[in-house]
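Data block below; observations after.
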Amino acid sequence: MLIPHDTRIALDTVVDLVNTAPESEPPSGGQPEAERSDGLADITALYDFARRHRISGVGELHEKDLRAVRDVRARFAEIFATDDSQTAASLVNTLVAAAGTTPQLSNHDGYDWHVHYFAPDASIADHLAADCGMALAFIVVAGEQERLRRCEAPDCRHAFVDLSRNRSRRYCSSRTCGNRLHVAAYRARRKEAAG
Ligand SMILES: [Zn+2]
Ligand SMILES: [Zn+2]
């Protein structure tokens with residue numbers, strides 16, 4: 001599957017956004033959901049998020065931006081949660097329509113021509129809804145919705161996009177979750193062999 005660079009960047013952004021939600025936090029500590037930390041707990045965290053993902057045109061951010069971004073995040077989480085393309089399509093359509101997109105060709109920062117979907121004066125929430133929403137639209141159009149996944153490690157619920165050739169990726173990160181489970185399986189086999 002050929003994914004243009006801007007779509008890939010938007011996919012990284014939406015995955016990170018969904019994973020800031022407290023319900024994406026591994027329940028390993030056994031804390032009740034309400035006490036798990038929100039990666040977008042305050043305005044500072046929102047500024048950090050915008051900087052991390054080089055979201056352009058972010059002016060001064062306010063409490064209402066934080067609320068709006070958390071709202072958009074919840075909609076994106078629903079898209080990751082459904083297996084049904086009809087449901088995913090209507091969620092994307094609603095999000096993108098509400099964000100008021102204005103497709104514009106751009107070749108900023110040394111990148112080749114690509115399309116920005118956010119309106120020029122969009123709020124950060126509308127910016128995310130438009131560009132990340134269209135990146136997910138691209139995945140749905142390509143018939144690749146099953147690539148939008150949640151980690152299969154029992155104590156991890158992180159969202160990720162499986163860009164592997166044969167759609168075989170099961171963990172948010174092979175370095176952390178995948179490796180951890182392999183080590184556990186290896187130890188279990190050793191124990192069995194020893195016993
Ligand atoms: Zn761009
Ligand atoms: Zn994981």
Side-chain angles (χ1 to χ4, degrees), residues 2-31 33 36-40 49-59 69 72-73 76-77 79-81 83 95-96 99-139 146-164 167-188:
L2 183 71
I3 300 183
H5 92 88
D6 53 325
T7 304
R8 202 175 269 255
I9 289 170
L11 289 174
D12 282 349
T13 305
V14 70
V15 162
D16 192 26
L17 177 64
V18 168
N19 287 339
T20 62
E23 63 268 22
S24 292
E25 190 83 344
S28 51
Q31 324 91 305
E33 193 150 314
R36 287 186 219 146
S37 61
D38 190 324
L40 291 179
F49 180 86
R51 200 170 325 117
R52 205 156 66 234
H53 293 286
R54 298 159 181 251
I55 296 167
S56 53
V58 174
V69 169
V72 164
R73 176 178 73 181
F76 281 128
I79 297 170
F80 273 83
D83 291 330
L95 248 181
V96 167
T101 61
T102 310
Q104 291 282 303
L105 280 160
S106 176
N107 63 348
H108 63 96
D109 297 322
Y111 288 119
D112 254 335
W113 289 108
H114 60 281
V115 180
H116 282 175
Y117 293 96
F118 60 91
D121 54 352
S123 68
I124 182 168
D126 285 348
H127 182 136
L128 289 168
D131 275 44
C132 297
M134 288 310 294
L136 295 181
F138 176 86
I139 297 285
E146 66 162 293
R147 290 181 185 273
L148 309 178
R149 305 240 174 100
R150 290 273 185 183
C151 182
E152 287 179 25
D155 54 355
C156 178
R157 306 214 41 247
H158 276 156
F160 68 95
V161 180
D162 177 9
L163 296 177
S164 68
R167 310 179 185 188
S168 59
R169 193 171 146 197
R170 296 170 57 204
Y171 307 113
C172 64
S173 152
S174 52
R175 218 160 19 86
T176 56
C177 287
N179 196 38
R180 194 160 49 81
L181 288 189
H182 285 140
V183 168
Y186 173 74
R187 289 209 178 113

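As the structure lists them, so they are numbered: ligands from 1, and atoms in each ligand from 1.
- Note on ring orientation: taking the six-membered ring where Trp is involved, the planes of His114 and His5 are perpendicular (angle over 60°, cut-offs 30° and 60°).
- The closest approach of His114 to the Zn ion (ligand 1), by N/O/S atoms, is made by NE2.
- Between His53 and Phe49, the angle of the ring planes lies from 30° to 60°, which puts this pair in the tilted group.
- Checked by atom type and distance alone, the side chain of Arg147 pairs as donor or acceptor with a backbone atom of Ser164 at under 3.5 Å.
- Expressed to the nearest 10°, the angle at the Zn ion (ligand 2) joining SG in Cys172 with SG in Cys156 is 110°.
- The nearest N, O or S atom of Cys151 is closer to the Zn ion (ligand 2) than 2.8 Å.
- At least one side-chain heavy atom of Val15 sits under 4.5 Å from a side-chain heavy atom of Phe80.
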